[in-house]
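These numbers were taken from a predicted model, which means no experiment stands behind them. Keep in mind that the numbers below use all heavy atoms, side chains included, and drop hydrogens, waters and symmetry copies. Chain A is the first sequence line, chain B the second, and so forth, proteins listed ahead of strands; every chain is numbered from 1.
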2 protein chains.
Amino acid sequence: MTAATPKGERRRQALVEAAAALLVSGGFDAVRHRAVAERAGLPLASTTYYFDSLDELVTAALEFHGTAELAYGKARLAELEPAECGGDAFVDLVLDLLLGPVGEVDAEAVLLRYERLVATGRRPYLRPLMRELSGQLHDLLHDIFAKAGQPVGRERVEELIALVDGAVVNALIEISPDPRAAARRMLAKAMQPR
Amino acid sequence: MTAATPKGERRRQALVEAAAALLVSGGFDAVRHRAVAERAGLPLASTTYYFDSLDELVTAALEFHGTAELAYGKARLAELEPAECGGDAFVDLVLDLLLGPVGEVDAEAVLLRYERLVATGRRPYLRPLMRELSGQLHDLLHDIFAKAGQPVGRERVEELIALVDGAVVNALIEISPDPRAAARRMLAKAMQPR
DNA sequence: GCCATTTTGGTACGCTAGTACCAGAAATGG
DNA sequence: CCATTTCTGGTACTAGCGTACCAAAATGGC
């Protein structure tokens with residue numbers, strides 16, 4: 001169900017944001033009707049009033065969060081000074097786009113980026129959204145490389161993303177996981193001129 | 001709790017195998033006391049009698065499954081004919097070790113390999129086990145490359161694994177996911193002599 | 001201001017979950 | 001062969017879940 005009144009629209013949005021926050025901090029399993037309602041300061045029934053099912057709520061939360069991430073990436077692209085694209089800074093820029101800015105809650109935000117990929121394997125209803133978000137991220141990276149004076153083909157973009165993603169998921173099993181550091185090492189090596 | 005009688009040991013093992021089967025077919029969420037007991041043909045209470053908690057049961061199931069996978073890999077290594085390590089066949093061999101043999105239920109078995117990596121992010125109790133299994137897989141690949149006459153360093157092994165893993169998780173969001181094909185493409189390109 | 005529509009929020013239902021309990025059966029060892 | 005440990009399996013408790021329901025309140029168009 002979609003809201004018809006301004007106040008209703010605000011409440012609906014509050015629910016989406018609450019769900020997104022829960023998604024980031026606790027993963028898909030944390031997005032529950034009651035938890036979302038409580039976090040948004042709204043009654044339980046509001047969640048079923050504005051969303052036909054939990055899946056719909058999860059989808060909306062994921063879209064909200066994914067769109068925010070992309071907006072951050074686009075901002076970084078816009079403010080990019082082609083001159084200051086030395087190797088190290090550029091590697092960090094790419095990592096910021098793929099894993100989120102370093103300052104963030106980090107561990108959990110990074111984790112969510114991969115939980116949602118894997119979760120999509122068992123939740124086909126997420127696929128259209130995930131494809132859309134993923135496609136935009138690819139485009140963004142493509143543009144960033146171009147603006148930085150290191151144009152690359154789409155295949156190369158996919159390769160670098162795969163390398164980072166693989167490094168991250170393998171780093172998650174460490175006692176004190178530092179996925180960003182692992183990804184950084186591999187990305188730096190792959191990007192250095194040969 | 002660990003069994004003290006032969007029959008008890010057999011029942012315990014039946015529970016572990018039932019849990020592992022559920023793990024493969026439905027992921028972590030499918031491993032429930034009742035489901036495991038039913039699949040093993042045992043009463044509900046047997047699950048709490050032999051395992052102090054669900055986490056313990058999940059851990060045992062994961063260890064069982066992981067060890068079976070490694071045994072398969074070791075068998076492939078043992079029967080490897082260094083002569084027949086042409087490029088294509090070798091790529092498939094590596095994929096068999098990383099994703100499981102192609103004939104398998106496939107989609108679900110591959111998915112589990114990545115669910116467990118990501119799940120480890122939110123389930124620290126799995127980390128020691130996952131590190132152990134992952135370390136053995138690395139060793140195995142290292143040996144395979146050596147025996148195939150293409151010795152590589154540990155860093156290179158990690159790179160190739162990351163590439164495959166990243167390709168897979170990114171393939172999971174396709175409408176009709178074919179993670180093996182995606183991984184195959186990237187791995188073949190990365191391994192071809194430059 | 002009136003009335004149809006939308007929204008609210010408290011409550012309840014049916015279900016599944018993890019886990020606890022315990023009388024009795026089976027196995028074990030001295 | 002008996003005493004003790006180990007095991008069995010039916011049952012029940014509490015908690016949390018998604019979802020449905022519905023009387024009352026708020027809202028918006030006329």
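- With a 6.0 Å cutoff to the six-membered ring centre and a 45° limit on the axis angle, A/R123 counts as a cation-pi contact of A/F28.
- Of all the residues in residues 27-36 of chain B, B/R34 reach under 4.0 Å from DNA chain D with at least one non-hydrogen atom.
- B/Y49 has no side-chain polar atom (N or O) that falls below the 4.0 Å cut-off from OP1 or OP2 of C/dT19.
- With no hydrogens or angles considered, a side-chain donor-acceptor pair links A/E132 and A/Q136 at under 3.5 Å.
- Distance CD (A/E38) to P (D/dC17): 10 Å, rounded to an integer number of Å.
- Nearest heavy-atom pair, A/A188 versus A/V91, reported as atom, atom and distance to 0.1 Å: CA-CG2, 4.2 Å.
- Atom pair A/Y50:OH and D/dG18:C1' shows a separation of 19 Å (rounding to whole Å applied).
- A pairwise comparison of heavy atoms in B/A19 and B/L57 identifies CB-CD1, 4.1 Å as the closest pair.
- The main-chain N or O of B/I175 is found under 3.5 Å from a side-chain atom of A/R127 such that the two form a donor-acceptor pair.
- Residue-level contact check: B/L42 touches neither bases nor backbone, having no heavy atom under 4.0 Å from any strand.
- By the side-chain contact (heavy atoms from CB on, under 4.5 Å) test, B/A21 pairs with B/R39, sequence neighbours left out.
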What protein N or O atoms touch nucleotides 21-29 of chain D N or O atoms at under 3.5 angstrom, if any, and at what distances?
none

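- Between A/P43 and B/D52, it is A/P43 whose nearest contact on DNA chain C lies nearer the 5' terminus.
- In this structure, the side-chain contact (heavy atoms from CB on, under 4.5 Å) partners of A/A183, at least two apart in sequence or on a different chain, are A/L95, A/L99, A/V164, A/A167, A/V168.
- Between B/D139 and B/K74 there is no salt bridge, since no side-chain N of the basic residue sits under 4.0 Å from a carboxylate O of the acidic one.
- Taking the side chain as every heavy atom from C-beta outward, A/L117 and B/L172 never approach each other to under 4.5 Å.
- The side-chain contact (heavy atoms from CB on, under 4.5 Å) check on A/F145 picks up A/F90, A/V94, A/L141, A/Q150, A/V152, A/L160, A/M191, with sequence neighbours excluded.
- Sorted by residue number, the members of residues 53-61 of chain B with any non-hydrogen atom under 4.0 Å from DNA chain C read B/S53, B/L54.
- Atom-to-atom, CG of A/L44 to P of C/dC13 comes out at 15 Å; the value is rounded to the nearest Å.
- The backbone N or O of B/E63 lies less than 3.5 Å from a partner atom in the side chain of B/T67, making a donor-acceptor pair.
- In this structure, A/R11 does not reach the C/dT7 phosphate: none of its side-chain N or O atoms is under 4.0 Å from OP1 or OP2.
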